[in-house]
Peer 1: 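The structure under discussion is supplied below as structure tokens; questions concerning it will follow.
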Amino acid sequence: ILAVDAGTGTQDILLFDSSGPVENSLKMIMPSATEIAARRIRAATRAGRAVVLTGVTMGGGPCRWALNEHLEAGLPAYATPDAARTFDDDLSAVESMGVTVVSEDEAKRLDDATAIRMADLDLNAIRQAFRAFEVESDFDGLALACLDHGAAPPGYSDRLFRFEHQRRVVEGRNDLRAFAYLPAEVPDYLTRARAMLACVDQEVPAVFLDTGPAAALGALQDPLVAQAQEQLVLNLGNMHTLAFHLRGTRILSLYEHHTGLLSSEDVESLTEGLIAGTLRHEDVFGHHGHGVFYASVDGPRSRPSIIAVTGPQRGKLKDSRLHPHFAVPHGDMMISGCFGLVWAFAHKYPEHCPEIEASLGLSECA
């Protein structure tokens, strides 16, 4: 199974093979797709060339910052509608940035512009990397993750729209694995997820999962985290911080915020408030975060016996008063999301569940 966790700073890639020890599975930590697009835009800016963005909707962040710099330099930028929605679902808002939205045919005629294809998933690049090391790339399955705010209605907060999606999922079926979708199950409004799946060019079983639940499912495969009755799993990503108070895969509460807006003290205070049940949605949303949600669960909520931290910005909690455990599922923190993706794949394809979960050291298929 090829698992690809598309983040903002990196894309984390795992080629999971159940025929041997999971530690022998092949791994790559590579620049994210949005970072690659940003580098290509900046190269065109340095060369004084216009850019024309084609392809599909993908993650923003670095590529948007690079595009802003390009436009500020007085250079033209064009984009097809799907590529333009990387920057805003409202194409008039993209045009107000200074981008000219063009059709696919018009984009092909822009010979003087540097063409840059937008996509969160580049399977050909991954295959080429594997071939360089004589690794076959006939995957039996694909497990894909990205963070999707969803296409919010005009004038509606992207942050709130994403958080309301998370709340609906938990209220529908309270399990981290409920965030996993087969391709046909992905809601229409998760446009980035659907675009990522549309990049798949082979007929194999596939599953999609948001990066936050993927990281939490991966952290639960750390032996110390797994043996706790209740856990607080905190994923400190490059752009987003997402905390889950868990009872196994069951969600007691969660909050989401933007990592860049949070100091170490902020993360500690938010996490302590979530555990105590005193953190309010209005406080997080008002601080430009996403929100807080407390699920309806049976039995009393107790203080988690372990606070597990994962994600590339986990250094924010070095020497923290939370005394966190830095989770290392199967010996590798940076692949936490990929291990979560493989578990989600097993959940969505029960015919493969026993073999996959046995390889991951999980006790049962559920």
Side-chain angles (χ1 to χ4, degrees), residues 3-14 27-42 57-69 86-87 118-122 144-150 158-159 162-163 166 179 192-193 196 208-219 233-244 254-268 270-271 284 287-291 307-318 320 322 324 326-329 332-341:
V4 182
D5 185 358
T8 302
T10 64
Q11 53 180 309
D12 310 323
I13 301 165
L14 170 71
K27 311 167 189 176
M28 293 188 287
I29 308 298
M30 304 300 287
S32 66
T34 183
E35 180 60 37
I36 293 168
R39 295 177 187 183
R40 291 171 177 167
I41 293 169
R42 290 194 175 103
T57 304
M58 64 177 291
C63 68
R64 184 188 182 111
W65 305 329
L67 183 61
N68 286 338
E69 294 165 9
T86 295
F87 311 105
M118 311 289 279
D120 277 314
L121 179 67
D122 187 344
L144 308 174
C146 68
L147 188 147
D148 194 341
H149 280 89
D158 284 346
R159 291 178 288 130
R162 169 174 166 79
F163 203 76
Q166 294 173 323
F179 284 93
R192 185 182 175 193
M196 190 178 190
F208 174 82
L209 181 62
D210 187 87
T211 54
L217 282 171
V233 176
L234 185 59
N235 180 46
L236 286 164
N238 285 313
M239 287 286 284
H240 286 251
T241 291
L242 188 56
F244 290 100
L254 67 101
Y255 78 77
E256 185 170 21
H257 212 305
H258 290 109
T259 307
L261 297 179
L262 300 176
S263 66
S264 300
E265 169 67 27
D266 290 333
V267 177
E268 291 170 334
L270 290 169
T271 303
V284 173
H287 189 245
H288 303 291
H290 290 70
I307 295 177
V309 178
T310 187
Q313 296 298 322
R314 63 180 185 166
K316 280 181 177 283
L317 292 183
K318 182 182 179 182
S320 167
L322 296 176
F326 284 3
V328 282
D332 196 330
M333 181 280 297
M334 280 300 291
I335 303 289
S336 293
C338 292
F339 289 131
L341 278 167

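Model, not experiment: these values are computed from the prediction. Values below: all heavy atoms of this structure, side chains included; hydrogens, waters and symmetry mates excluded.
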Peer 1: Mark yes or no for whether Asp148, through its side chain, and Ala193, through its backbone, hold a donor-acceptor pair below 3.5 Å.
Peer 2: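 It does hold such a pair.
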Peer 1: What is the minimum heavy-atom distance between Pro312 and Gly237, and which atoms define it?
Peer 2: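 Scanning both residues completely, I find the closest heavy atoms to be CD-CA, 4.0 Å.
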Peer 1: Verify side chain to side chain contact (heavy atoms under 4.5 Å, CB included) between Thr259 and Lys316, making sure each step is shown before the conclusion.
Peer 2: CA-CA 10 Å; Thr259 307; Lys316 280 181 177 283; 3.6 Å; yes
Peer 1: Please determine whether side chain to side chain contact (heavy atoms under 4.5 Å, CB included) holds for the pair Leu317 and Glu268, giving the CA-CA distance in whole Å, both sets of side-chain angles, and the decisive distance to 0.1 Å.
Peer 2: CA-CA 8 Å; Leu317 292 183; Glu268 291 170 334; 4.0 Å; yes
Peer 1: With side chains defined as the heavy atoms from C-beta onward, is the minimum distance between His240 and Leu147 less than 4.5 Å?
Peer 2: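 Side chain of His240 against side chain of Leu147, heavy atoms only: contact under 4.5 Å found.
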Peer 1: Would you say CE of Met334 has more than 12 non-hydrogen atoms from neighbouring residues, nucleotides or ligands within 6.0 angstrom?
Peer 2: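 Yes.
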Peer 1: Side chain of Asn68, backbone of Trp65: donor and acceptor closer than 3.5 Å?
Peer 2: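 Such a contact is absent between Asn68 side chain and Trp65 backbone.
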Peer 1: Run the side chain to side chain contact (heavy atoms under 4.5 Å, CB included) check on Asp5 and Leu14 step by step: do they pass?
Peer 2: CA-CA 9 Å; Asp5 185 358; Leu14 170 71; over 6 Å; no
Peer 1: Identify the heavy atoms of Gly289 and Arg159 that sit nearest to each other, and give their distance.
Peer 2: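 Smallest heavy-atom distance, with atoms named: O-NH1, 2.6 Å.
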Peer 1: Rounded to the nearest 0.5 Å, what separates atom CG in Leu209 from atom CG in Leu341?
Peer 2: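 Interatomic distance, Leu209 CG to Leu341 CG, rounded to 0.5 Å: 5.5 Å.
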Peer 1: Working to the nearest 0.5 angstrom, can you tell me the gap between Glu35 CD and Met30 CE?
Peer 2: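 Glu35 atom CD to Met30 atom CE measures 12.5 Å (nearest 0.5 Å).
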Peer 1: So, for Phe244 and Ala216, which heavy atoms are closest and what is the spacing to 0.1 Å?
Peer 2: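 Result for this residue pair: CD1-CB, 3.8 Å.
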Peer 1: Answer yes if the side chains of Tyr255 and Thr271 hold a donor-acceptor pair under 3.5 Å, and no otherwise.
Peer 2: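 Judged by distance alone, the side chains do pair up.
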Peer 1: Dump the intermediate steps for side chain to side chain contact (heavy atoms under 4.5 Å, CB included) on Asn238 and Gln313, then the final yes or no.
Peer 2: CA-CA 6 Å; Asn238 285 313; Gln313 296 298 322; 2.8 Å; yes
Peer 1: Got a second to check how far Asp210's CG is from Leu144's CG, nearest 0.5 Å?
Peer 2: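 Here the interatomic distance stands at 13.0 Å.
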Peer 1: Can you check whether Asn235's main-chain N or O pairs, donor with acceptor, with Thr310's side chain at less than 3.5 Å?
Peer 2: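 It does not hold such a pair.
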Peer 1: Could you tell me which non-hydrogen atom of Ala219 sits nearest to which non-hydrogen atom of Ala327, and how far apart they are?
Peer 2: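 So the minimum-distance heavy-atom pair works out to CB-CB, 4.1 Å.
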Peer 1: What are the two closest heavy atoms between Ala6 and Arg192, and how far apart are they?
Peer 2: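 Smallest interatomic distance, heavy atoms only, reads O-NH2, 4.1 Å.
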Peer 1: Backbone N or O of Pro31 within a donor-acceptor pair of the Gln11 side chain at under 3.5 Å?
Peer 2: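 A pair under 3.5 Å: yes.
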Peer 1: Would you sort out whether His257 and His287 count as a side-chain hydrogen bond (donor to acceptor under 3.5 Å, both in side chains), showing the intermediate values?
Peer 2: CA-CA 9 Å; His257 212 305; His287 189 245; 2.9 Å; yes
Peer 1: Would you mind reporting whether His290 and Gln166 have side-chain heavy atoms less than 4.5 Å apart?
Peer 2: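 The answer is no, as the side chains (C-beta and beyond) never meet within the 4.5 Å cut-off.
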Peer 1: Taking atom CD of Glu256 and atom CG of Leu270, what is their separation to the nearest 0.5 Å?
Peer 2: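 CG of Leu270 is found 12.0 Å from CD of Glu256.
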Peer 1: Kindly give the heavy-atom pair with the smallest separation between Ala37 and Cys63, and that separation in Å.
Peer 2: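 That closest heavy-atom pairing would be CB-CB, 4.0 Å.
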Peer 1: For the CZ atom of Phe339 and the NZ atom of Lys27, what is their distance to the nearest 0.5 Å?
Peer 2: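 So the CZ of Phe339 and the NZ of Lys27 are separated by 5.0 Å.
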Peer 1: From Met58 CE over to Thr86 OG1, what is the distance, rounded to the nearest 0.5 angstrom?
Peer 2: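 Nearest 0.5 Å value for the CE-OG1 distance: 6.0 Å.
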Peer 1: Do side-chain atoms of Thr34 reach the backbone of Thr8 as a donor and acceptor pair under 3.5 angstrom?
Peer 2: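 The answer is no, because no donor-acceptor pair under 3.5 Å joins these two groups.
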